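Counting from 1, the numbers follow the sequence of the chain as shown. Please read all numbers here as calculations on a predicted model, not as lab measurements.
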Amino acid sequence: MQSEIGVIASGEFFDPELVDRASGVSLLRSEYLIRSIGASPTTDGGFEALRDSLERLAASFFPKQVWYRLSDFESRELLTVAGYRSVSLVENPILSPRGARRALEEPDEYEAEAAAVAEVSSRWPNLSLMLSYVGSTDEFRALTHISERRGVARPSGAMIEIPSAMDEHRDLRRAGAAYMVIGLQDLTMNYFGVHRGTSAHDRGDHLTWALVHASGIHATVAGVLLGFAIPVIRDQASGGPSAGPGLAEIFEHRFRPVSAGIAVPVFAFFSAGVTVGGWDGFVSAAMDPVTVGIIVALVLGKPIGILGTTWLLTKVTKASLDRSLSLCRGCSAGVLMRAALERPQPGRWRPR
């Protein structure tokens, strides 16, 4: 079976080599594109900028498929873009009217986006419309009827991020959703009613891991999938990248000691299939000449080897240690190697 790799776009331009290798644009995140434009498609300038961006992207990938996803703004994100009607902020943003639900409440906004897609797809038929945050088949049909009544692009794809839509995926397909994408992050948060950045979201991660593992999927896969749901950089609503490190970097610094010092060694020990054989077996294994030799080599051999080689190189060559280093500070091989190879970068965030 031949695999196909599509790209996720936010309106940026792609290197021609990437365009040649990719199977198309699997998901064009319109809210990123509209936010970079700075104006809603309901405004003249916003509509023209959106249309021109879609034209360039569809043309560069033609004849490969490009899927434009209907904007999926959270309520707080709408406040950052000119031209959108005022919204009421809610404590949990995932419960605010988004995607298909907002399109039904504000059909003019939906019509503007669909009209831009229709105008471009008349020249570049590889551009198609995907509805976001679809909650039911009825919502999909209602927006399809709006498209037909107002003569704009008819949706032929759906993003599944709500559990009820997941249950109706077969009905959605019969209603005309020929292409469906599952948004695992929002789908998980909607299952548990939490939002990223909250303590409830963290507890939801643990519960998700436990349920996925209990279903028979390997724990490593469950952990990797949850890792994909952690934001790497701050979004604009949280101050943007310049406001500080993203949640992924904070977690990395927070859990690295536990991961590197406990989880990885224990995982490696049990994965090696070592049989301890009780306390007597442990004592016997600890006193074995091979065990003693390994411990001596790691505890004494590595420092002696690194320090000896460093001292020898400074004596027989023109090499010299950095002024901030000395052989006394290199008694620990790990400290010496990290100080020489991983010097802190000015301005880089460090955990307190």
Side-chain angles (χ1 to χ4, degrees), residues 4-73 81-84 99-100 102-104 106-134 139-160 172-173 175-181 183:
E4 293 186 351
I5 300 178
V7 296
I8 298 177
S10 302
E12 65 273 24
F13 298 100
F14 293 95
D15 183 272
E17 184 177 354
L18 176 60
V19 174
D20 291 338
R21 294 186 177 184
S23 61
V25 177
S26 305
L27 174 63
L28 174 54
R29 300 178 293 185
S30 57
E31 58 274 9
Y32 289 82
L33 178 56
I34 295 173
R35 198 157 52 203
S36 67
I37 293 171
S40 165
T42 56
T43 64
D44 293 338
F47 179 85
E48 293 172 357
L50 176 62
R51 179 197 59 200
D52 294 344
S53 296
L54 293 180
E55 183 104 32
R56 288 191 293 267
L57 193 63
S60 63
F61 275 90
F62 187 80
K64 299 176 181 178
Q65 190 70 42
V66 175
W67 285 96
Y68 175 90
R69 183 183 70 179
L70 179 71
S71 59
D72 183 23
F73 287 111
V81 183
Y84 283 104
R102 181 168 177 85
L104 290 172
E106 304 288 347
D108 291 344
E109 296 175 2
Y110 169 72
E111 181 183 356
E113 289 188 56
V117 173
E119 186 173 336
V120 174
S121 62
S122 65
R123 295 184 292 272
W124 303 99
N126 58 321
L127 180 65
S128 299
L129 176 62
M130 178 199 313
L131 297 183
S132 61
Y133 230 71
V134 178
E139 288 183 357
F140 186 90
R141 289 197 179 103
L143 289 173
T144 300
H145 292 155
I146 292 176
S147 293
E148 293 173 347
R149 187 171 64 250
R150 303 197 179 187
V152 295
R154 186 180 186 277
S156 54
M159 185 109 180
I160 308 298
L172 282 168
R173 193 169 188 84
Y179 179 78
M180 285 184 279
V181 176

Which heavy atom in [X] sits nearest to a heavy atom in [Y], and how many Å separate them?
X: Thr43; Y: Gly46; value: OG1-N, 3.1 Å
X: Ala175; Y: Phe140; value: O-CE2, 3.6 Å
X: Ala58; Y: Val66; value: CA-CG2, 4.3 Å
X: Asp72; Y: Gly99; value: OD1-N, 3.8 Å
X: Leu70; Y: Ala103; value: CD2-CB, 3.9 Å
X: Ser26; Y: Val181; value: O-CG2, 4.4 Å

Would you call [X] and [Y] a side-chain contact if the rule is heavy atoms closer than 4.5 Å?
X: Met159; Y: Leu27; result: yes
X: Glu139; Y: Leu131; result: no
X: Leu129; Y: Tyr68; result: yes
X: Pro41; Y: Ile34; result: yes
X: Thr144; Y: Arg154; result: yes

For this session: Look at atom CG of Asp20 and say whether more than 12 heavy atoms of other residues, nucleotides or ligands are closer to it than 6.0 Å.
Result: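 Above 12, so yes.
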For this session: Could you tell me which residues satisfy side-chain hydrogen bond (donor to acceptor under 3.5 Å, both in side chains) with Ser147, sequence neighbours excluded, listed by chain and number?
Result: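 If we apply the side-chain hydrogen bond (donor to acceptor under 3.5 Å, both in side chains) test to Ser147, skipping adjacent residues, the hits are Tyr110.
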Exercise. What residues, two or more places apart in sequence or in another chain, satisfy side-chain hydrogen bond (donor to acceptor under 3.5 Å, both in side chains) together with Ser132?
Worked result: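 By the side-chain hydrogen bond (donor to acceptor under 3.5 Å, both in side chains) rule, Ser132 matches no residue at all.
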How would you list, by chain and number, every residue that makes a salt bridge (Lys or Arg N to Asp or Glu O under 4.0 Å) with [X], sequence neighbours excluded?
X: Arg51; value: Glu119
X: Glu55; value: Arg123
X: Asp52; value: none

Rounded to the nearest 0.5 Å, what separation is found between the [atom1] atom of [X] and the [atom2] atom of [Y]?
X: Ser40; Y: Arg35; atom1: OG; atom2: CZ; value: 14.0 Å
X: Thr42; Y: Phe47; atom1: OG1; atom2: CZ; value: 11.0 Å
X: Met130; Y: Ser30; atom1: CE; atom2: OG; value: 10.0 Å
X: Arg69; Y: Tyr32; atom1: CZ; atom2: OH; value: 8.0 Å
X: Glu148; Y: Leu143; atom1: CD; atom2: CG; value: 11.5 Å

Problem set entry | Residue that, paired with Phe62, satisfies side chain to side chain contact (heavy atoms under 4.5 Å, CB included) out of Leu57, Asn126, Leu127 |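 Between Phe62 and the candidates, side chain to side chain contact (heavy atoms under 4.5 Å, CB included) is satisfied uniquely by Asn126.
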For this session: Just jot down the ring-ring contact (aromatic ring centres under 6.0 Å, His included) partners of Phe73, sequence neighbours excluded, or say none.
Result: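 Expected list: Tyr84.
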Problem set entry | Full working for side chain to side chain donor-acceptor pair (under 3.5 Å) between Gln65 and Ser128 | CA-CA 8 Å; Gln65 190 70 42; Ser128 299; 2.6 Å; yes
For this session: Please test Ile160 against Leu172 for side chain to side chain contact (heavy atoms under 4.5 Å, CB included), starting from the C-alpha separation and ending with a verdict.
Result: CA-CA 10 Å; Ile160 308 298; Leu172 282 168; 3.6 Å; yes
Exercise. Run the side chain to side chain contact (heavy atoms under 4.5 Å, CB included) check on Ile37 and Val81 step by step: do they pass?
Worked result: CA-CA 9 Å; Ile37 293 171; Val81 183; over 6 Å; no
